[in-house]
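Here is the structure we will look at.
Order of the sequence lines sets the chain letters (A, B, ...), proteins ahead of strands, with each chain counted from 1.
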There are 2 protein chains.
Amino acid sequence: MVRIADVAELAGVSKATASRALSGRDHVAEATRKRVVEAAESLQYAPSTAAVGLATGRTRRIGVLMPTVSRWFFSQVLEGVQAALVKHGLDLMLYCALPGTPARERIFRDFMRRKRMDGLIAIGIESSDPEWERLRQIDAPIVGVVGTTPGSSLVAIDDTHAAMRATEHLLALGHREVVFLGGEARDPGAANVHRDRFTGYTRAMTAAGLGASVRHVPAPSTVPGGYAAAVDALGSQDRPTGIVGVCDEVAIGAIIAARRLGLLVPGHVSVTGIDDHEYAEMFSLTTLSQKPRAQGRAAVDLLLARIEDPSLAPSTTSLKARLIVRSSTLALDASVAAPGTRDGSHGP
Amino acid sequence: MVRIADVAELAGVSKATASRALSGRDHVAEATRKRVVEAAESLQYAPSTAAVGLATGRTRRIGVLMPTVSRWFFSQVLEGVQAALVKHGLDLMLYCALPGTPARERIFRDFMRRKRMDGLIAIGIESSDPEWERLRQIDAPIVGVVGTTPGSSLVAIDDTHAAMRATEHLLALGHREVVFLGGEARDPGAANVHRDRFTGYTRAMTAAGLGASVRHVPAPSTVPGGYAAAVDALGSQDRPTGIVGVCDEVAIGAIIAARRLGLLVPGHVSVTGIDDHEYAEMFSLTTLSQKPRAQGRAAVDLLLARIEDPSLAPSTTSLKARLIVRSSTLALDASVAAPGTRDGSHGP
DNA sequence: TTGAAAGCGCTACCAT
DNA sequence: ATGGTAGCGCTTTCAA
């Protein structure tokens, strides 16, 4: 192992000077700096992170805590965070803590402690109180993405507003029987997101005088989840003409289900999502676009600022979701009657 | 900050004894051990990873390098690795290095150095030589998953065999016009996987005397990629009756495309995948099941063994993929003629 | 501008 | 079984 002492010796300077020259945070004669840098290079010198950490008190590591990495939204945020951290030369320590698993308990108990990381980005963590207590113990700045982050900074979209827009879009097209598909109380890392979106849907329905028609079909926020729920909803007697998916995955599942049932989208049923998932385009899905990678990047910016200056007050960054109209939605009066529906009488 | 000295003082012992009592790696009287543990607990003591690392030379951190985290296979391996590491109390440092990006270059140049991690798991890294040279510099054990890992341990399935099985399945059903869908030379982290799978397909075709019918439609290994490629392949004059998808994502894209074109799966075209993706069931996809989470776990086991005993020889773990027959495949003579096909004359 | 030396918090060796 | 102590490799005063 090559130490900074070796570099110093080769360059003919002291350890102190070598350190200064390499870190660049202090004045060193240009000539000596060059000599030191060359020496370091020729020896393939790499500083020991442990020693640096011990001496400076900084780990140059950022923790990222999230319920899962295998859903689109989370993977995108993670990639955004990663890209931003790499740019700053910081390491990313990942903790996947699916609610209700022993791993999550272990992570909260053993890993969320100070001195492992300079800061934490908590994605989609809807923590019960004792869990937040644990997070506090890391004694480093925390920034949340989605979820709830009492007393910390937060990056998120306005979920209520997004769902309201989606619902209003359907309503403006003349739809009256609009169902809200997906969302469950125990959904990992998204319970309050779903609550807010359902609220937005309800609000739009109520504003249109359709409060009595509010209908929620719960489902896991996945494509298969949306598929199964849509099979139920669309197979029922009182089939809706519009579906607001809690997210694109659910909406896509609904589209696939509709097609399997022989229904045309948007001919027989209009569907919207929220996300602008990578598959949204291929399904011509009308949706509200959010940019999870950008949220990841924003979280890093916020976090680094607070690490730099801990006195900074926690802030909330609310990004807006933009409506993207594709062709999974259609005006009700342009729609055709679905086979076997109760309006079969109007049919072709 | 509470140091081990504080714990020792409170417990009325020396730092040395406190350290022994807490790490448990040395004999300490049960009574004193208990006292120390209680003291540590009451003070909320957490050891400084930097200090431990400096003193022991172990970081208790494992690096994970992969091209992307947003494709199913990779996210699953990652979750498998994460779960296994948590169990051992090790931290996971994630590096997403998409080929061809500046981030990748930066990661290989600045992050892949010794003293940051005790070992590395490289997933789907098909490194050009200079990149592998860099990896060697971390001077710690490396285990590969998929990809190529010259001189290191590797965990993977036999891709050639898997594709051969898939192709043989179609062949056994009587299909003759079987096309291989997906795979591209520049596919991030999977070029050689795709090469091997294509080889398996070719081998099966050739063995069946269909060497002349071998046909490859390249596409990105994603659902939209498979969709687009399948639209082309199925829209062409010489439409195949069987499709071997390079992976489930491509196969699913093909199924969606077929349905959009008004073709029945498996009535008009049979489709197989490789993976057993989480959506496979919902699409009734016949596929070869591999367990990426298990591969992640296996990689951790292999890596920890080599960290424990560096003299251990690199080994290759080859997991087998199991054929799962669902209903995306059908015997050719049970199939129906597709609309607008060249066999339209036999049609209903 | 440079060098000497004192820690950072912990473990592990050597005593006892 | 326990305590004293010498580092681990780096940064950062303080002096020169």
With nearest nucleotide decided by heavy atoms, which residue, Ala51(B) or Ala18(B), maps closer to the 5′ end of DNA chain D?
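Comparing both residues, the 5'-ward one is Ala18(B).
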Tell me: [atom1] of [X] to [atom2] of [N], nearest whole Å?
X: Arg3(B); N: dT11(C); atom1: CZ; atom2: C1'; answer: 16 Å
X: Met1(B); N: dG7(C); atom1: CE; atom2: P; answer: 17 Å
X: Arg60(A); N: dT11(D); atom1: CZ; atom2: P; answer: 11 Å
X: Asp26(B); N: dC14(C); atom1: CG; atom2: C1'; answer: 13 Å
X: Ile4(B); N: dT11(C); atom1: CD1; atom2: C1'; answer: 9 Å
X: Leu43(B); N: dG9(C); atom1: CG; atom2: P; answer: 15 Å
X: Lys15(B); N: dT5(D); atom1: NZ; atom2: P; answer: 11 Å
X: Arg58(A); N: dT11(D); atom1: CZ; atom2: C1'; answer: 14 Å

By nearest atom, which of the nucleotides [options] is closest to the [X] side chain?
X: Leu54(A); options: dT2(D), dC8(C), dC10(C); result: dC8(C)
X: Ser48(A); options: dG9(C), dT11(D), dG9(D); result: dG9(D)
X: Ala29(A); options: dT11(D), dC10(C), dT1(C); result: dT1(C)
X: Ala55(A); options: dG3(D), dG9(D), dC10(C); result: dG9(D)
X: Arg25(B); options: dA12(C), dG3(C), dC8(D); result: dA12(C)

Are OP1 or OP2 of [N] and a side-chain N or O of [X] less than 4.0 angstrom apart?
X: Thr56(B); N: dT11(C); value: no
X: Thr32(B); N: dT2(D); value: yes
X: Ser19(B); N: dT11(C); value: yes

First encountered from the 5' end of DNA chain C, between Ser14(A) and Thr17(B)
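So the residue in question is Ser14(A).
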So do the side chains of Glu308(A) and Pro141(A) get within less than 4.5 Å of each other, counting heavy atoms only?
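No; the side chains remain at least 4.5 Å from each other.
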Heavy atoms, side chains only, cut-off 4.5 Å: are Glu131(A) and Arg104(A) in contact?
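Result yes, sub-4.5 Å side-chain heavy-atom pair found.
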Given Ile121(B), which of Ile142(B), Leu92(B), Val300(B), Leu65(B) fulfils the side-chain contact (heavy atoms from CB on, under 4.5 Å) condition?
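Going through the options one by one, the only one that passes is Val300(B).
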Under 4.0 Å, counting only non-hydrogen atoms across every strand here, what does Ala16(B) touch: a base, just sugar-phosphate, or nothing?
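Contact class for Ala16(B): base.
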Determine the sole option in Lys291(B), Arg71(B), Arg293(B) for which the side chain to side chain donor-acceptor pair (under 3.5 Å) test with Gln76(B) is passed.
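When side chain to side chain donor-acceptor pair (under 3.5 Å) is applied between Gln76(B) and each of Lys291(B), Arg71(B), Arg293(B), only Arg293(B) qualifies.
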Which residues pass the side-chain contact (heavy atoms from CB on, under 4.5 Å) test with Ala140(B), sequence neighbours left out?
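Expected list: Ile138(B).
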